[in-house]
Amino acid sequence: MTTPNKTPPGADPKQLERTGTVREIGSQAVWSLSSCKPGFGVDQLRDDNLETYWQSDGSQPHLVNIQFRRKTTVKTLCIYADYKSDESYTPSKISVRVGNNFHNLQEIRQLELVEPSGWIHVPLTDNHKKPTRTFMIQIAVLANHQNGRDTHMRQIKIYTPVEESSIGKFPRCTTIDFMMYRSIR
């Protein structure tokens with residue numbers, strides 16, 4: 001059992017993107033849900049609006065399946081939860097699983113959430129801080145606060161590390177002779 005990374009309340013994962021070290025790759029995946037109420041599905045989970053949410057409609061565990069077309073490097077999973085708005089619909093126990101398909105998923109994180117409010121940053125790295133390579137991520141809501149039956153998740157974001165390339169990186173020209181020729185006309 002692990003606890004998610006402590007981030008300042010409401011820490012926006014877009015701040016991670018602004019650093020240039022990661023980028024959001026959720027749009028490259030195929031998303032599916034174990035169940036949902038009409039009008040409260042994947043579109044609401046991915047619409048960048050913290051006022052909308054996915055609402056499950058069935059028995060637990062509630063599942064979010066994220067499948068990539070090719071093996072993908074993932075570093076961080078960010079989930080937005082708000083206990084004040086969702087109360088008994090708020091997840092209290094979440095399992096994060098990765099694998100090649102539904103038949104070989106392995107749990108890499110299990111989280112206990114206590115009245116969460118804001119973004120929860122879940123590292124998808126091994127013991128050596130190396131990002132995970134996978135075809136599929138499954139988020140399973142195992143329990144809700146106050147023994148709630150259905151769940152609300154407001155947003156989910158998935159981040160991959162940005163690999164540095166040698167293209168576009170040039171040595172710094174510091175002498176006057178080099179500075180004369182540093183641009184092409």
Side-chain angles (χ1 to χ4, degrees), residues 2-33 36 39-56 62-87 89-98 108-126 128-141 144-145 151-165 167-169:
T2 60
T3 55
N5 277 0
K6 295 290 182 196
T7 55
D12 188 350
K14 290 190 187 244
Q15 291 173 349
L16 289 174
E17 283 186 87
R18 286 186 209 112
T19 65
T21 58
V22 295
R23 66 182 169 86
E24 211 279 331
I25 55 169
S27 62
Q28 297 174 12
V30 176
W31 293 67
S32 62
L33 306 167
C36 69
F40 296 91
V42 172
D43 291 341
Q44 289 71 33
L45 191 57
R46 296 285 304 152
D47 66 2
D48 283 327
N49 182 352
L50 299 179
E51 300 301 314
T52 61
Y53 50 85
W54 159 54
Q55 181 174 333
S56 63
H62 304 298
L63 306 174
V64 178
N65 301 304
I66 307 159
Q67 294 175 282
F68 296 98
R69 290 176 176 82
R70 57 189 147 119
K71 202 165 204 178
T72 303
T73 303
V74 291
K75 183 177 182 179
T76 306
L77 174 72
C78 296
I79 301 170
Y80 190 87
D82 188 1
Y83 180 77
K84 289 179 182 156
S85 297
D86 299 327
E87 296 179 345
Y89 290 93
T90 309
S92 63
K93 191 174 189 180
I94 295 176
S95 169
V96 179
R97 306 160 183 166
V98 298
I108 59 169
R109 294 276 185 271
Q110 191 173 71
L111 309 170
E112 292 281 342
L113 307 175
V114 180
E115 298 185 5
S117 179
W119 287 99
I120 300 153
H121 296 251
V122 184
L124 299 179
T125 54
D126 62 16
H128 305 293
K129 304 276 188 209
K130 188 175 177 186
T132 302
R133 288 194 42 81
T134 188
F135 278 103
M136 181 174 182
I137 300 171
Q138 184 179 74
I139 302 165
V141 177
N144 289 327
H145 284 77
T151 196
H152 285 181
M153 276 199 192
R154 293 184 172 266
Q155 292 292 300
I156 297 176
K157 304 283 182 194
I158 304 162
Y159 291 93
T160 187
V162 173
E163 295 180 15
E164 291 191 21
S165 82
I167 299 172
K169 289 201 171 191

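Since we're looking at a predicted model, the values are computed, not measured. We count residues from 1, following the sequence as given.
Contacts classified as salt bridge (Lys or Arg N to Asp or Glu O under 4.0 Å) and involving residues 21-32 (residues at least two apart or in different chains) are given here: Glu24-Arg46.
Legend: residues meeting side chain to side chain donor-acceptor pair (under 3.5 Å) with Thr52, ordered by chain and number and at least two apart, are Asp47. Every side chain to side chain donor-acceptor pair (under 3.5 Å) that Thr151 has, sequence neighbours left out, goes to Asn144. Residues satisfying the salt bridge (charged side-chain N to carboxylate O under 4.0 Å, His left out) criterion with Asp86, sequence neighbours excluded, are Arg154. Checked against side-chain contact (heavy atoms from CB on, under 4.5 Å), Phe135 has the following partners two or more places apart in sequence or in another chain: Lys71, Asn100. Remark: Ser27 engages no residue in a side chain to side chain donor-acceptor pair (under 3.5 Å) (not counting sequence neighbours). Listed by chain and residue number, Tyr83, His145 satisfy the side-chain contact (heavy atoms from CB on, under 4.5 Å) test with Glu115 (two or more places apart in sequence, or in another chain). Taking Phe40 as the reference, Lys37, Tyr53, Gln55 meet the side-chain contact (heavy atoms from CB on, under 4.5 Å) condition, with sequence neighbours excluded. For Val98, the side-chain contact (heavy atoms from CB on, under 4.5 Å) criterion is met by Ile108, Thr132, Thr134, Ile137, not counting sequence neighbours. The side chain to side chain donor-acceptor pair (under 3.5 Å) test applied to Lys157 returns Asp48, not counting sequence neighbours.
The backbone N or O of Val22 lies less than 3.5 Å from no partner atom in the side chain of Glu17, so there is not a single donor-acceptor pair. Between the Asp12 side chain and the Gln15 main chain, no donor and acceptor come within less than 3.5 Å of each other. One N or O on the side chain of Gln44 and one on the backbone of Gly41 form a donor-acceptor pair closer than 3.5 Å. Looking only at distances, a side-chain donor or acceptor of Arg109 sits under 3.5 Å from a matching main-chain atom of Thr125. Remark: side-chain polar atoms of Thr19 are paired, donor with acceptor, to backbone N or O of Leu16 under 3.5 angstrom. Not a single donor-acceptor pair under 3.5 Å links the side chain of Trp31 to the backbone N or O of Asp43.
No side-chain donor from either of Thr72 and Arg70 sits under 3.5 Å from a side-chain acceptor of the other.
In this structure, Val64 and Gln138 have side chains that are not in contact, with every pair of non-hydrogen atoms separated by 4.5 Å or more.
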